[in-house]
Amino acid sequence: MFNLLRNKDKSFWKIGGYFLVFAFFVLALNWLTASKTGVEDSLEKTGSQFAGFILALDESKNSTLVKNASDEGFYVHNNLSEPFPLTLIEQIKQSPYVRSASPFLSFKYLWQNKNNRILQIGGFEPKHIKEVQSAACSDTDLLAGRLIAPEDKFKILLEETFAKTENLFPGDYLTLNQQVYEVIGILSPGTRPAKADIYMSLDEAKKLINSRLNKELGEEVNMVLVDGLNSTVNSLAIEDSKKILGPQSSVVGYGCYQPASLAVKKTQSITHLIWYIVLISLVLLMSLMQYSSMMERKKELGILKAISWSDQTIMKHLLREVSIEALLGSVTGSIIAMLFLSIFPLPISAIIGNQSTELLKPLILLQACFLTWLIACLTAWIWSFLLLRIKPADILRTI
Amino acid sequence: MGSLFYAWKEIKRRKLRSWGIILSYGSAVLIALLLSISSLSLTKEAESTLWDIGAHTVAYVPSDAMQGCCSLVVNPDDEGFFMNNSPTQLIPYSLVEELRASSNIADASAYLLYRVRPIPGRPTWLIGGFETDRPKAFSATMAAPSQIIQGRFLSPGEKGKVMVEDDFARIHKIELGSKLALSDKTFEVIGLLQAPLRPGKANLYMSIHDLQNLVKMIDPIENPINAVLIESKGALYHKAAHKDTQDILSKLAVFSSYGCYAAGMEAIGITRKTSSMLFILALLLIFGFSVKTQSSSLIERKRDFGILLALAWTKGQISKQAFLESMILGFFGSLLAGIVIIILSFFGPFQGMWQTLPQTTVILSFGLPYIGSGMAGIANLVSILRLQSADILRQI
């Protein structure tokens, strides 16, 4: 401490050096982590939803099951499918690569109005709206009105194109098979694995569909909406689902999980590379600071050795000095960071567009202070160890 | 010349100190350049992977219920212009050309999605007719050659051939080489496709001209189309592309597109901002470390300056020598960093990246140490040289 006070200018710049390196380290680490988690959060679930179904390879089955097989049936994207038991969905849910799986009914229905229009009816479980939001419809797709709540009875949602062509709006009524349904929302879901003109609750869809069948549906549906665990393992979730649904199965899903998972992997590997660069920079800069400091104090060390100070004592003094400098630099940095955060409540990571990850917290700053101190001491120990191996006469002779 | 000589002499006299300063400058420049290179590659990789994620659209104009789609065709009970299971209006081809001129659209192509019932009393089929010479527009909105699982993709200008979606082919027992009778024409199946979910999804795909010849209209029109396949310039341009499309097609135009462009845009935004912040941080580090290195060095040499003043050197001579010394050391530091970077750019993750660095980054990375050390040098020298030689020597 005495030495620090004796050379105030020198000490100021040394402490300033530690402060600079500490600030660089903490900020770089904070932004890198926030960037990595931000990209992961944005892309983790991107495109990892798909719909599974069983193709009806025997068309005669549909003719037996459906009253008007030429226009109606269990169609998925204009491909005929077969109903399957709900137990298969329970099995799909067990896959480690599946976040959730939900039943869906997709049926082509001949609407006998003035134009005899063929409608696509979609039935989903309103209580599982979160699970079907990316594969079928969600509140973000709403153009008008609201979504179906679990307690709603005979309420329907219309797809934008269908609503436009039929001039229907929330509050209007639509009759299907002598049952009046109230339109409560208009949706624009875009391209989705489970697409319909009219969305209704699974139970009501089943009731409506049963009226068009020769044999009523049991505990069956013709589609499963699967939410994969993440974009990276989505292909495994597809594989598992197809295995469970059997050899006639097929899936329809987005292709964007592939670039999303690739981008996550690339971001992770480059972020790790930058982490290493930052860490190596920290060690390198501190090592150079110690080197310059030791070289400047070579004469001083030579004199101390000449007046019979032991290497151990000199080392102890040097390390104490470096410890105080490093701690003063990093603690000053931490105090400034905390002051900054208390004045500006927005997290530093918000600058890069991800507010959810903020590393500038007391515990993290404490860890960074410890790391700064540790590296400073280690590098100081190495340089002083090398320097103290030289005989005092040799040290003094080279000055 | 004399100052340069003594500056060089001083550098040589205190080799270890000089090496310390050279390495400090060099390390700061090296760290800044490495950080710039890797953070640039973070952005580039994210952009190259996510650039066009979800930026694919099919635009169409729904038909009014009163007008109907099918009143235009001879057999409205079984045929019609459909998109998303709804009847659509026809779009003049000239609007597709207008869309192509939009600065937010990479390519636009005419599309005809037609519903037919090939066998009376049997289900309807959806046929997609596309411009076979516009792969940029159809690859991500309809199907791409890479999604062929058997056979081959339709070549530009090819007639009388169709490609069939695999699921549809399995249900209808259609095989490669099968002949499909549609209306009064026969088409050969040349490819089976397994495409992921696409906004322009159909059961069969053929050239738009073949499909237009199949359409039997009450009042035939030239080149009927009912949708446009649009490839936006990128995820960042997707919204603007939709706006342009709406302006050109109709306010009633409906888009069938993906939601994942928003996630892609967010990820690109985050990596871009991270890259900029890391670069600024690296520049601040170079500047700060140069100031620190130069200041520490000058303070350590306070006694030397006192002696030189006592030996009747002028303040100008001392300043000039100290300045030249720092420039020479800075030059060697930068040179060292440049050499290391060039060597690194032949290996591992930094391979070839040196060439991709923007000029401004290089100029700032190499220039900032000089500015930092120059500024620190002037400030410290002014404060040191304001003292009398006796005062300086007395302080030591």
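Below, chain A is the first sequence line, B the second, and so on; all start at residue 1.
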Fill in: Side-chain touch B/L197/A/H77, heavy atoms, less than 4.5 angstrom
yes
Discussion item. Looking at every non-hydrogen atom in both residues, tell me the closest pair between B/S63 and A/T165 and how far apart they are.
Written reply: O-CG2, 2.7 Å
Discussion item. If only side-chain N and O atoms count, and only distance matters, is there a donor-acceptor pair under 3.5 Å linking A/T191 with B/S256?
Written reply: yes
Fill in: Contact leader toward chain B among A/S287, A/A51, A/A263, A/A196, where contacts are heavy-atom pairs under 4.5 Å
A/A263
Worksheet item: Does the side-chain contact (heavy atoms from CB on, under 4.5 Å) test come out yes or no for B/F289 and A/L20, once each step is laid out?
Response: CA-CA 8 Å; B/F289 205 72; A/L20 186 75; 4.0 Å; yes
Fill in: Worked verdict on B/D167 versus A/V76 for side-chain contact (heavy atoms from CB on, under 4.5 Å)
CA-CA 10 Å; B/D167 285 350; A/V76 176; over 6 Å; no
Worksheet item: Under a 4.5 Å cut-off applied to non-hydrogen side-chain atoms, are B/P123 and A/L80 in contact?
Response: no
Worksheet item: Any side-chain heavy atom of B/N85 sitting closer than 4.5 Å to one from A/Y75?
Response: no
Discussion item. On a heavy-atom basis, which atom in A/W31 and which in B/T274 lie closest, and how many Å separate them?
Written reply: O-CG2, 3.9 Å
Discussion item. Just so I know, are the side chains of B/L42 and A/L273 near enough to count as touching, which here means a heavy-atom distance under 4.5 Å?
Written reply: no
Worksheet item: So which heavy atom on B/L281 is nearest to which on A/A28, and how close?
Response: CD2-N, 3.5 Å
Worksheet entry | Side chain to side chain, B/R117 and A/S70, heavy atoms closer than 4.5 Å | yes
Worksheet item: Does the side chain of A/R117 reach to within under 4.5 Å of the side chain of B/P87, using non-hydrogen atoms?
Response: yes
Response to the item:
B/S27 and A/L288 have their tightest heavy-atom pair at OG-CD1, 2.9 Å
Item to complete: I would like to know whether B/L278 and A/V278 meet side-chain contact (heavy atoms from CB on, under 4.5 Å); could you show each step before the answer?
Response: CA-CA 10 Å; B/L278 284 178; A/V278 169; 5.7 Å; no
Item to complete: Step by step, work out the side-chain contact (heavy atoms from CB on, under 4.5 Å) result for A/L57 and B/R170.
Response: CA-CA 7 Å; A/L57 298 183; B/R170 284 171 72 189; 3.8 Å; yes
Worksheet item: Under a 4.5 Å cut-off applied to non-hydrogen side-chain atoms, are A/L285 and B/L285 in contact?
Response: yes
Worksheet, complete the sentence: In short, B/I270 meets A/S42 closest at the heavy-atom pair CD1-OG, 4.3 Å
Fill in: side-chain hydrogen bond (donor to acceptor under 3.5 Å, both in side chains) contacts touching residues 273-284 of chain A (sequence neighbours left out)
none
Worksheet item: Judged by modelled atom types alone, do A/T161 and B/S86 share a side-chain donor-acceptor pair under 3.5 Å?
Response: no
Worksheet item: Can you tell me how far SG of A/C256 sits from OH of B/Y261, rounded to the nearest 0.5 angstrom?
Response: 12.5 Å
Worksheet entry | Heavy-atom pairs under 4.5 Å with chain B, option from A/N78, A/I270, A/T46, A/D197 with the top count | A/N78
